[in-house]
Amino acid sequence: MATFTARLVDAKTGNEGSYDFDGPDDLMDRTPVRVVRHFMEFVDQTVLPSQHVDYELNAAMKNRERRIVTAMGDLHFEHGEDPAPFMLMIAAKRE
């Protein structure tokens with residue numbers, strides 16, 4: 001297992017969260033959509049376990065040289081709140 005860091009920015013308010021999460025050693029070799037999916041499963045199970053969070057991706061890309069995934073989309077909450085636009089960057093955690 002490896003540790004990764006994600007920075008999630010609420011595009012509407014500018015609020016930002018930084019999250020460390022574990023994933024397989026080869027996570028950054030996977031497609032950007034699969035990297036985002038792994039992080040969103042962590043969010044759904046660990047960060048916001050009291051409510052289900054779904055998401056819609058508008059774009060997901062990977063910088064292969066720097067091994068960073070960048071994504072944009074909307075978070076959808078089960079309690080009927082308006083979708084929250086987000087920007088996300090994921091990379092291996094630097095020690």
Side-chain angles (χ1 to χ4, degrees):
M1 282 294 215
T3 303
F4 299 88
T5 298
R7 298 227 182 242
L8 181 65
V9 179
D10 179 331
K12 186 174 181 181
T13 65
N15 291 336
E16 178 181 338
S18 180
Y19 306 94
D20 290 342
F21 66 100
D22 292 327
D25 292 334
D26 69 344
L27 182 63
M28 295 308 283
D29 295 329
R30 299 177 184 186
T31 66
V33 171
R34 289 180 188 224
V35 174
V36 171
R37 181 182 305 138
H38 186 84
F39 171 68
M40 289 300 187
E41 288 172 357
F42 163 79
V43 168
D44 196 39
Q45 296 168 6
T46 307
V47 178
L48 298 169
S50 64
Q51 66 172 319
H52 174 68
V53 177
D54 203 358
Y55 64 97
E56 175 183 347
L57 277 181
N58 300 117
M61 58 212 113
K62 178 169 51 175
N63 182 307
R64 284 178 173 66
E65 293 173 13
R66 295 189 181 206
R67 301 180 62 78
I68 297 172
V69 168
T70 305
M72 295 175 290
D74 291 307
L75 294 175
H76 297 269
F77 303 97
E78 73 176 347
H79 295 303
E81 300 172 41
D82 289 339
F86 72 88
M87 295 180 289
L88 172 66
M89 295 181 73
I90 300 172
K93 182 174 181 173
R94 299 190 190 266
E95 300 296 324

Is the shortest side-chain heavy-atom distance between [X] and [Y] below 4.5 Å?
{"X": "Leu88", "Y": "Val69", "answer": "no"}
{"X": "Leu57", "Y": "Phe86", "answer": "yes"}
{"X": "Val47", "Y": "Tyr19", "answer": "yes"}
{"X": "Tyr55", "Y": "Val36", "answer": "yes"}
{"X": "Met87", "Y": "Thr70", "answer": "no"}

Distance from [X] atom [atom1] to [Y] atom [atom2], nearest 0.5 Å?
{"X": "Thr46", "Y": "Phe39", "atom1": "OG1", "atom2": "CZ", "answer": "10.0 Å"}
{"X": "Asp26", "Y": "Arg34", "atom1": "CG", "atom2": "CZ", "answer": "11.0 Å"}
{"X": "Leu27", "Y": "Met1", "atom1": "CG", "atom2": "CE", "answer": "9.5 Å"}

Distance-minimising heavy-atom pair for [X] and [Y]:
{"X": "Asp74", "Y": "Pro85", "value": "OD1-CA, 3.3 Å"}
{"X": "Leu75", "Y": "Met40", "value": "CD2-CE, 3.7 Å"}
{"X": "Gly73", "Y": "Asn58", "value": "CA-OD1, 3.1 Å"}
{"X": "Thr5", "Y": "Ser18", "value": "CG2-OG, 3.7 Å"}
{"X": "Phe4", "Y": "Ile90", "value": "CB-CG2, 4.4 Å"}

Would you mind listing every side-chain hydrogen bond (donor to acceptor under 3.5 Å, both in side chains) that reaches into residues 59-69, with sequence neighbours excluded?
->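 Found Asp29-Arg67.
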Establish whether Leu8 and Met72 are linked, either directly or via other cluster members, by ILVMFWY side-chain heavy-atom contacts under 4.5 Å.
->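 Different clusters.
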Should Met89 and Val9 be regarded as members of a common hydrophobic cluster, given that ILVMFWY residues are connected when their side-chain heavy atoms come within less than 4.5 Å of each other, either directly or indirectly?
->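 Shared cluster, no.
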Partner of Phe21 by side chain to side chain contact (heavy atoms under 4.5 Å, CB included), out of Lys93, His38, Glu41 |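 For Phe21, the side chain to side chain contact (heavy atoms under 4.5 Å, CB included) check succeeds only for His38.
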